[in-house]
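Order of appearance sets the numbers: ligands from 1, and atoms from 1 within every ligand.
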Amino acid sequence: MLDVVIANTQPLAAGICGLTLKSVDGSCLPAFEAGAHIDIHLPSGLVRQYSLIDPSRDDQYQIGVLLDPQSRGGSAEVHGLEVGQQLSVSEPRNLFALDADAPHALLFAGGIGITPIFAMASSLRSEGKSFELHYSARSRKSAAFADQLSSQADCFCYFNDEDNALDAMRVLTQAPVESHLYVCGPAGYIEHIFETARQLGWAEERLHREFFAAPEVVSEDGDLAFELVIASTGQVLEVGEQDSALEVLEDAGFDIPSSCEQGVCGSCVTRLTDGVPDHRDSFLTTTEQASNQLFTPCCSRAKGNRLVLDL
Ligand code: FES
């Protein structure tokens, strides 16, 4: 864990607050690559993940946070933080890294999804690599970095209130062969880009995405109770209709790393030896989910009445 102090706060756009964090003792912070995020431990005890914006600086971390009335409280708390306040943050982790061998990168950002995508564009530009950035937002006023990006030839901005919309089919059809695409934004936006790419036959390994909030998963039957069996000991734990598997494991004394608790970050991924999970995370790829070998206990459940965990 790193102890940091808020060195600066500034609006990046309407409703988006930029925070600059420096180490408390003035030392350099651990380096990171574009796409990385940190967990921020807020004074209330909430832990939230935010993408880091500028990989070229090792003396500070910069994040951008949208004030979201639908959020579970984290964004409002961040907006209330003040210069000089101290926080604990995790070391950077990167679950959304650029593929170093891709000949061309197509970057797509929806709304506040611009934060990791902006870092990717800066990094690709500084390395002289080929990319295009497509950024969709409600309005120019609500779009962080809009002025900076609009003036660059390889960046294309789309604003709802200016009546220009992204034509994903056109962009993907014209992309150079073997391009990789990277999307961050709301679930529906990511789904649209991914579905378009799949229709055009893009291979799954060329598709990369990061949700900034978990899409809501609604079970038609309601949640059912199931059993977790611990493979090494045979211990059986009951997960009630209202419980999460993660809570049950923690109550039984298992130390499962966790962070987002909504299936986004991948911290809690646990191996399975038997059973079919009802995957509700946004972290595992379609192939990983279909393998039935991995499980995110923070949000996923069981399709049958038991899962055997490789613990
Ligand atoms: Fe983040 Fe489970 S804690 S995916």
Side-chain angles (χ1 to χ4, degrees), residues 1-2 32 35-42 44-52 63 65 68 70-75 77-78 88-97 112-113 115-116 183-187 190-191 194 207-219 223 226 228 230 237 239-273 275-303 307-311:
M1 202 68 84
L2 309 166
F32 65 93
H37 70 267
I38 50 172
D39 296 344
I40 297 198
H41 295 251
L42 294 167
S44 66
L46 290 175
V47 181
R48 291 291 179 265
Q49 293 73 43
Y50 295 105
S51 296
L52 295 168
I63 59 168
V65 180
D68 179 3
Q70 308 300 321
S71 91
R72 297 172 299 158
S75 72
E77 189 171 351
V78 173
S88 292
V89 303
S90 69
E91 294 212 3
R93 285 190 305 154
N94 202 342
L95 305 170
F96 188 43
I112 191 62
T115 50
V183 197
C184 186
I190 295 176
E191 197 48 35
F194 264 43
L207 313 181
H208 313 265
R209 51 111 176 89
E210 183 163 81
F211 291 94
F212 53 72
E216 203 175 330
V217 179
V218 181
S219 160
D223 289 337
F226 61 100
L228 290 176
I230 308 303
L237 305 171
V239 182
E241 293 169 13
Q242 307 292 328
D243 306 324
S244 78
L246 179 66
E247 286 164 355
V248 169
L249 286 164
E250 285 174 344
D251 289 349
F254 291 91
D255 187 16
I256 309 286
S258 66
S259 179
C260 70
E261 301 197 4
Q262 50 176 331
V264 173
C265 73
S267 313
C268 69
V269 171
T270 305
R271 295 197 74 79
L272 284 181
T273 61
V276 180
D278 176 4
H279 293 288
R280 300 186 180 185
D281 63 280
S282 321
F283 175 76
L284 297 174
T285 63
T286 319
T287 313
E288 286 170 333
Q289 291 191 346
S291 76
N292 291 332
Q293 291 177 356
L294 298 171
F295 174 64
T296 48
C298 67
C299 62
S300 295
R301 303 186 67 82
K303 282 206 172 135
L307 295 174
V308 184
L309 299 182
D310 188 10
L311 291 173

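An angle of 100° is found at atom 2 (Fe) of ligand 1 between Cys268 atom SG and Cys298 atom SG, rounded to 10°.
Between the CG atom of Leu307 and the CG atom of Leu237 there is a distance of 11.5 Å, given to the nearest 0.5 Å. One distance of note links SG of Cys299 with CG of Asp278; it measures 9.5 Å at 0.5 Å rounding. One finds the CD atom of Glu210 at 10.0 Å from the SG atom of Cys265 (value rounded to the nearest 0.5 Å). From Cys298, atom SG reaches atom CG of Leu249 across 11.5 Å, with rounding to the nearest 0.5 Å.
Every atom of ligand 1 with a heavy atom of Glu261 under 4.0 Å away is listed here by number and element: 1 (Fe), 3 (S). Annotation for ligand 1: atoms under 4.0 Å from non-hydrogen atoms of Gly263 are 4 (S).
For the ligand labelled ligand 1, residue Val264 lies inside the 4.0 Å heavy-atom shell.
No hydrogens or angles considered: nothing links the side chains of Asp310 and Gln293 as a donor-acceptor pair under 3.5 Å.
Considering Asp281, Leu294, Val269 as possible partners of Glu288, the one that fulfils the side chain to side chain contact (heavy atoms under 4.5 Å, CB included) test is Leu294.
Taking backbone and side chain together, Cys299 holds no N, O or S atom under 2.8 Å from atom 2 (Fe) of ligand 1. For atom 2 (Fe) of ligand 1, the set of nearby N, O or S atoms under 2.8 Å includes none belonging to Cys265.
For atom 4 (S) of ligand 1, the nearest non-hydrogen atom of the protein is Gly266 N, 3.2 Å.
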